[in-house]
Student: 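The structure follows.
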Amino acid sequence: MQPVITPLVGRPITLVDMDGCFFDWGNALNRILLQLDPNYPIVPLGQQMDYNHLCGPGGDRDILLQAMNMEGLYRNLEPMPGAIDAVLAMEEAGLNVFFCSTPFATHATCASEKLASIEEHLGSRWVNRVILTHDKTLVRGDVLIDDKPGITGNMVPTWQHLVFDQSYNRSLAEAPRLREWKDWEAALYPLLEMAAA
Ligand SMILES: [Mg+2]
């Protein structure tokens, strides 16, 4: 008699974006821009109206690229308020949590800095839970929490996009939205039930 094989029901997979979602990338970039040029026309976080709206009129593109490629940028990011507690609470609740982030292609140490920053703030075991990719649609998951509007790639995503609230993504008025990390349960659980149905 064949043994009964009980299918293992996988824990729901929640993918968490890093820049502008788990980490405060925008303020870190602005600090570097002002170090390079105290008069640089930065756009304060909360006033960016487009995902790529990183400087005001007259912003020198070379300085912007210099800042975006600055060694240490991804090593000196502050977690968003409540982000660490939320991720640890998700794990505690039995969710399968992975970070899913796109390294900046021309930044020489971006990928290694991202890993080091996760280790610093969450411990070494979380380094094994970082997925770095330039195409998030290739990554399987139930929900992707991400500030970027319009995430596309080579596949139809298996995940639903839970928009992490930023001023530049509010045009996605109908999309599920996480306004603050402390509210993760109320925003995430309805989507996981939808994904499991
Ligand atoms: Mg992001």
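Start at 1 and go down the list; that is how both ligands and their atoms are numbered.
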Student: Examine distances only and state if a side-chain atom of His121 and a backbone atom of Ile84 form a donor-acceptor pair shorter than 3.5 Å.
Tutor: no
Student: When you check the gap from the basic side-chain N to the acidic O, do Glu91 and Arg129 get nearer than 4.0 Å?
Tutor: no
Student: Looking at Asp17, which of its N, O or S atoms is the nearest one to the Mg ion (ligand 1)?
Tutor: OD2
Student: So, Tyr74 versus His107, ring centres under 6.0 angstrom or not?
Tutor: yes
Student: Asp19: which N/O/S atom is nearest the Mg ion (ligand 1)?
Tutor: O
Student: Okay, side chain of Glu113, backbone of Gly72: is any donor-acceptor separation there less than 3.5 Å?
Tutor: yes
Student: Could you pull out the atom name of the N/O/S atom in Asp147 that is nearest the Mg ion (ligand 1)?
Tutor: OD1
